[in-house]
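Let me begin by presenting the structure, written as structure tokens, before commenting on it.
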Amino acid sequence: MHAVEILALDDVVPFDLSAPLQVFDWARLPDGRRPYRVRVCAGSPEVRGDGLVLRVDRGLDALRSADTVIVPGCNPATGPTSPAALDALREAAAAGTRIASVCSGAFVLAEAGLLDGLPATTHWAAAAELARRYPEIDVRPDVLYVDNGQIITSAGAAAALDMCLHLVRRDHGSAVAADSARRAVVPLEREGGQAQFIVHEHPPVPRGSALEPVLEWIGDHLADEITVGTLAARAGMSERTFGRRFREQTGTTPLRWLLAARVRRAQYLLESGDLPVERVARQAGFGSPTAFRERFRQVVGTSPQAYRTAFRGRSTEPSGPGGQTASGSSPSPLGAAPASSRASAAATASSTVAAPVSAHSA
């Protein structure tokens, strides 16, 4: 029987602990046998959690006999992980034990040095901090989980279910994983291999900079056709000088800044109203519904319709065909997508990433 040990650290997030506990415990082989023995261990007899105290009768030495170790997320304010727990994780990794983290549990694996040189994920809200603290990690904030073989990391909250079902499928095949998904009342595969729903905030406006009036003007005219030439003229600069100054003051290009602003406007419209996707595309400044769908999926990781359904719980998008990007000799609006579709995301031999792949527009 495959031994799964869930390592409970101080200020553990209860959901992050219970999700793998339930998914692995509910798994059944075709003959009805349990393929996993799931237990909880800790570095002390009592562990604090959000609103609860766990009494744990298994210590860190339990990791030595584990086939899989799961590290749930913890409150970020907890502080450094105990040296004993980090040593136990390093020892388990050296012995070839499979180790997976849920949400902010990735910080514990990073602290132990187990993610160095690897792609990894965590909750999207903590991804920038993970990348800042551990620059040697290839942090991927827009995926549900990353499987490097021995080391696996998942994103926040419900992504733990996706990762655990993936591991069940890896161990025992799709039929057993599908049965586990039914028992957990969750889909085995999320639609489109969807990415985390990341809130793309309005790009920052550098206060007091020479570009501040131009950037504020963009925010008021997102629905208009905007080119680099238009912005450079408003700033009283040549296009080359404007592009250089823009990167110096914002850290990105005019194209990327405008695309982020338009996607955030579209997210707000999808979350807060019932406008058809065609009108959302126009009000956010995309050249056509086709361009909008492609750019939105590229940045957010799912289609506008799937995004709206997840946040509003109902469908409002018309089923008719979307318009095509107009062609002509005038400059292309910033943020407009090319008409050709992109190739599916490439898989690598060393890691499996649950990420969105290019698909037919919704």
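The residues of the chain are indexed from 1 along the displayed sequence.
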| Contact summary for R34 and M1, nearest pair of heavy atoms | O-CE, 3.3 Å

| field | With T241 via side-chain hydrogen bond (donor to acceptor under 3.5 Å, both in side chains) - residues at least two apart | value | S238

| said: With no hydrogens and no angle check, just 3.5 Å: does a side-chain donor-acceptor pair link R295 and Q298? | reply: yes

| remark: Interatomic distance, CZ@R182 vs CG@D179, rounded to 0.5 Å, equals 5.0 Å

Using atom types as modelled, flag every donor-acceptor pair under 3.5 Å from a side chain in residues 3-15 to any protein atom, sequence neighbours excluded.
unit_1 : atom_1 : unit_2 : atom_2 : d
E5     : OE2    : R58    : NE     : 3.1
E5     : OE2    : R58    : NH2    : 2.5
D11    : OD2    : T78    : OG1    : 3.0

| task | Would you please classify the geometry between the W217 ring and the H221 ring as parallel, tilted or perpendicular, with 30° and 60° separating the classes? | result | parallel

| message | With a 3.5 Å distance limit and no angle check, can you tell me whether D224 reaches the backbone of I226 through a side-chain donor-acceptor pair? | response | no

| field | Nearest non-hydrogen partners of E239 and G229, listed with the distance | value | OE2-CA, 3.4 Å

| Check against ring pair (Phe, Tyr, Trp, His ring centres under 6.0 Å), Y36 and H172 | CA-CA 11 Å; Y36 301 102; H172 299 287; 5.4 Å; yes

| query | So which heavy atom on C103 is nearest to which on G156, and how close? | reply | SG-CA, 3.7 Å

| task | Name all residues meeting the side-chain contact (heavy atoms from CB on, under 4.5 Å) criterion together with A266; count only those two or more places apart in sequence or in a different chain, and write none if there are none. | result | V280, A284, F292, F296

| said: To check you understand the geometry: which heavy-atom pair defines the closest contact between R247 and T253, and what is its length? | reply: NH2-CG2, 2.8 Å

| said: Going by the rule side-chain contact (heavy atoms from CB on, under 4.5 Å), which residues pair with A110 if we only count those two or more places apart in sequence or in a different chain? | reply: L115, L130, Y134, I137

| request: Kindly work out whether a path of hydrophobic side-chain contacts (I/L/V/M/F/W/Y, heavy atoms less than 4.5 Å apart) joins I70 to F107. | output: no

| Can you list the residues that meet the side-chain contact (heavy atoms from CB on, under 4.5 Å) rule with L86, with sequence neighbours excluded? | T81, R90, V108, E111, A112

| I152, L89: one ILVMFWY side-chain cluster at the under-4.5 Å cut-off? | no

| Those residues that, when tested against R279, pass salt bridge (Lys or Arg N to Asp or Glu O under 4.0 Å) (two or more places apart) | none

| said: Can you confirm whether L54 sits close enough to L52 that some side-chain heavy atom of one is under 4.5 Å from a side-chain heavy atom of the other? | reply: yes

| request: Kindly write out the residues that satisfy salt bridge (Lys or Arg N to Asp or Glu O under 4.0 Å) with R244, not counting sequence neighbours, or none if the list is empty. | output: none

| remark: Closest non-hydrogen atoms of C164 and V23, given as atom of the first, atom of the second and distance, are CB-CG1, 3.6 Å

| field | Short side-chain to backbone donor-acceptor contact, R28 and D25, under 3.5 Å | value | yes

| request: Among residues two or more places apart or on two chains, list those pairs meeting side chain to side chain donor-acceptor pair (under 3.5 Å) that have a residue in residues 96-107. | output: T68-R98, R98-D171

| Ionic contact status for R308 with D274, cut-off 4.0 Å | no

| request: Report the residues that fulfil side-chain hydrogen bond (donor to acceptor under 3.5 Å, both in side chains) with D138, sequence neighbours left out, ordered by chain and then residue number. | output: R140

| query | Would L114 and L167 show up in the same hydrophobic cluster when neighbours are defined by side-chain heavy atoms closer than 4.5 Å? | reply | no

| Can we say R282 and E278 salt-bridge, meaning some charged N sits less than 4.0 Å from an Asp/Glu carboxylate O? | no

| request: State plainly whether the residues D147 and R170 are in salt-bridge range, i.e. N to O under 4.0 Å. | output: yes

| field | Hydrophobic cluster membership, L109 vs V143, 4.5 Å side-chain cutoff | value | no

| Considering residues at least two apart in sequence or located in another chain, which fulfil the side-chain contact (heavy atoms from CB on, under 4.5 Å) criterion with A84? | L60, S82

| Residue pairs, two or more places apart or on separate chains, that pass salt bridge (charged side-chain N to carboxylate O under 4.0 Å, His left out) and touch residues 71-82 | none

| message | Between V38 and V71, is there shared hydrophobic-cluster membership here, with clusters defined by ILVMFWY side-chain heavy atoms closer than 4.5 Å? | response | no

| said: Donor-acceptor pair, distance only, cut-off 3.5 Å: does the side chain of T121 make one with the backbone of Y145? | reply: no

| request: Mind listing the closest non-hydrogen atom pair of P30 and V176 along with its distance? | output: CD-CG2, 4.0 Å

| task | Identify, with sequence neighbours excluded, every residue that meets side-chain hydrogen bond (donor to acceptor under 3.5 Å, both in side chains) alongside R39. | result | none

